[in-house]
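Numbers here simply count residues along the sequence, with the first being 1.
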Amino acid sequence: MDRSPQQGFPGPRPRRRDRHGRGLRGPLAPPQVPISLSRSEVFDDFVRDSVDRLERHWPQLSEVEFAVQEVPWPPAGPQEPADGLGDTVPLGRLVPAAKDRPTRIVVFRRPVEIRAKGRDERAALVHDVIVEQVADLLGLSPDTVDPRYGEE
């Protein structure tokens, strides 16, 4: 007997279990739960929180673009080792404004993650890096930009 949809029989039933009988696999947590965020999304949130905190006290930062990049790009020309210690990996960089783009502060995710052991330490290090870059941009000391600099 042919079971086609024209004869009143429904089409193929949806599969409720996979071939091993375990059921369909799905996400472990709903999207609104923090566990479902990737490391890069959590890092972006740290940067966003830090920038929001600083913009309340320094409104001129609204014209600055903040970005996250995985790793630092190589320097444009030959570079002398700093203090004879060899090459150091930067955690952030201030990119001056050009005619077609605003000033940009870039935080490098992988070097920050390597230096920080836990979530709280990582958030504090991201904030310190952003405070240092903002201080460099404004020509102030990091303590002036954020009095809690280095305390967290």
Side-chain angles (χ1 to χ4, degrees), residues 13-152:
R13 288 188 283 174
R15 292 180 65 178
R16 300 217 190 283
R17 298 192 175 276
D18 66 0
R19 66 183 188 168
H20 299 289
R22 287 188 221 122
L24 295 175
R25 300 206 181 233
L28 296 176
Q32 62 272 19
V33 176
I35 193 169
S36 68
L37 297 177
S38 68
R39 286 187 312 177
S40 63
E41 291 171 332
V42 171
F43 193 88
D44 291 346
D45 287 344
F46 290 153
V47 171
R48 207 170 293 117
D49 292 344
S50 181
V51 171
D52 289 344
R53 200 162 106 187
L54 290 175
E55 279 183 342
R56 282 185 237 131
H57 301 292
W58 304 96
Q60 60 267 42
L61 293 179
S62 63
E63 299 171 9
V64 176
E65 185 177 282
F66 292 85
V68 175
Q69 196 168 19
E70 289 294 310
V71 294
W73 56 87
Q79 192 174 21
E80 301 269 330
D83 301 329
L85 298 175
D87 293 337
T88 58
V89 178
L91 302 178
R93 185 170 291 159
L94 173 65
V95 181
K99 63 181 177 181
D100 59 339
R101 64 173 166 69
T103 301
R104 180 180 295 160
I105 293 177
V106 182
V107 180
F108 302 117
R109 184 174 74 86
R110 297 292 295 157
V112 170
E113 285 180 341
I114 289 170
R115 284 178 179 77
K117 291 185 178 17
R119 183 182 176 98
D120 294 337
E121 189 177 333
R122 191 171 302 126
L125 185 55
V126 165
H127 185 69
D128 286 350
V129 168
I130 291 175
V131 167
E132 290 168 0
Q133 299 304 317
V134 168
D136 191 29
L137 172 68
L138 300 176
L140 303 169
S141 71
D143 293 331
T144 306
V145 172
D146 185 8
R148 296 184 302 177
Y149 170 74
E151 291 178 7
E152 298 174 13

Considering residues at least two apart in sequence or located in another chain, which fulfil the side-chain hydrogen bond (donor to acceptor under 3.5 Å, both in side chains) criterion with Arg110? Glu113

Search all heavy atoms of Trp58 against all heavy atoms of Thr144 and return the closest pair with its distance. CZ2-O, 3.6 Å

Would a 4.5 Å heavy-atom cut-off, applied to side chains only, mark Val51 and Ile130 as touching? yes

For the student: nearest non-hydrogen atoms of Tyr149 and Asp143, plus distance: CD2-OD1, 3.5 Å

Applying salt bridge (Lys or Arg N to Asp or Glu O under 4.0 Å), name anything that partners Glu70, two or more places apart in sequence or on another chain. Arg109

A side-chain contact here means heavy atoms from C-beta on lying under 4.5 Å apart; do Val95 and Arg101 qualify? yes

Listed by chain and number, what are the side chain to side chain contact (heavy atoms under 4.5 Å, CB included) partners of Leu94, not counting sequence neighbours? Thr103, Ile105, Gln133, Asp136, Leu137

Residues passing the ring-ring contact (aromatic ring centres under 6.0 Å, His included) test with Phe108, sequence neighbours excluded, are Trp73

Test: salt bridge (charged side-chain N to carboxylate O under 4.0 Å, His left out). Region: residues 58-69. Which pairs qualify, not counting sequence neighbours? Glu65-Arg104

Answer whether the closest heavy-atom distance between the side chains of Phe46 and Leu125 falls below 4.5 Å. no

Taking only residues two or more places apart in sequence, or in another chain, which ones meet Asp45 in a salt bridge (Lys or Arg N to Asp or Glu O under 4.0 Å)? Arg48

Contact summary for Glu55 and Ser62, nearest pair of heavy atoms: OE2-CA, 3.6 Å

Residues Arg119, Val42; criterion side-chain contact (heavy atoms from CB on, under 4.5 Å); working and verdict: CA-CA 9 Å; Arg119 183 182 176 98; Val42 171; 3.6 Å; yes

Got Val131 and His127 here, is their nearest side-chain heavy-atom distance under 4.5 Å? yes

Any donor-acceptor N/O pair, Ser50 side chain to Val47 backbone, under 3.5 Å: no

In the structure I gave you, are the side-chain heavy atoms of Asp146 and Arg53 within less than 4.5 Å of one another anywhere? yes

Donor-acceptor pair, Arg115 side chain versus Pro111 backbone, under 3.5 Å? yes

Closest non-hydrogen atom pair, Glu41 against Ser38: OE1-N, 2.9 Å

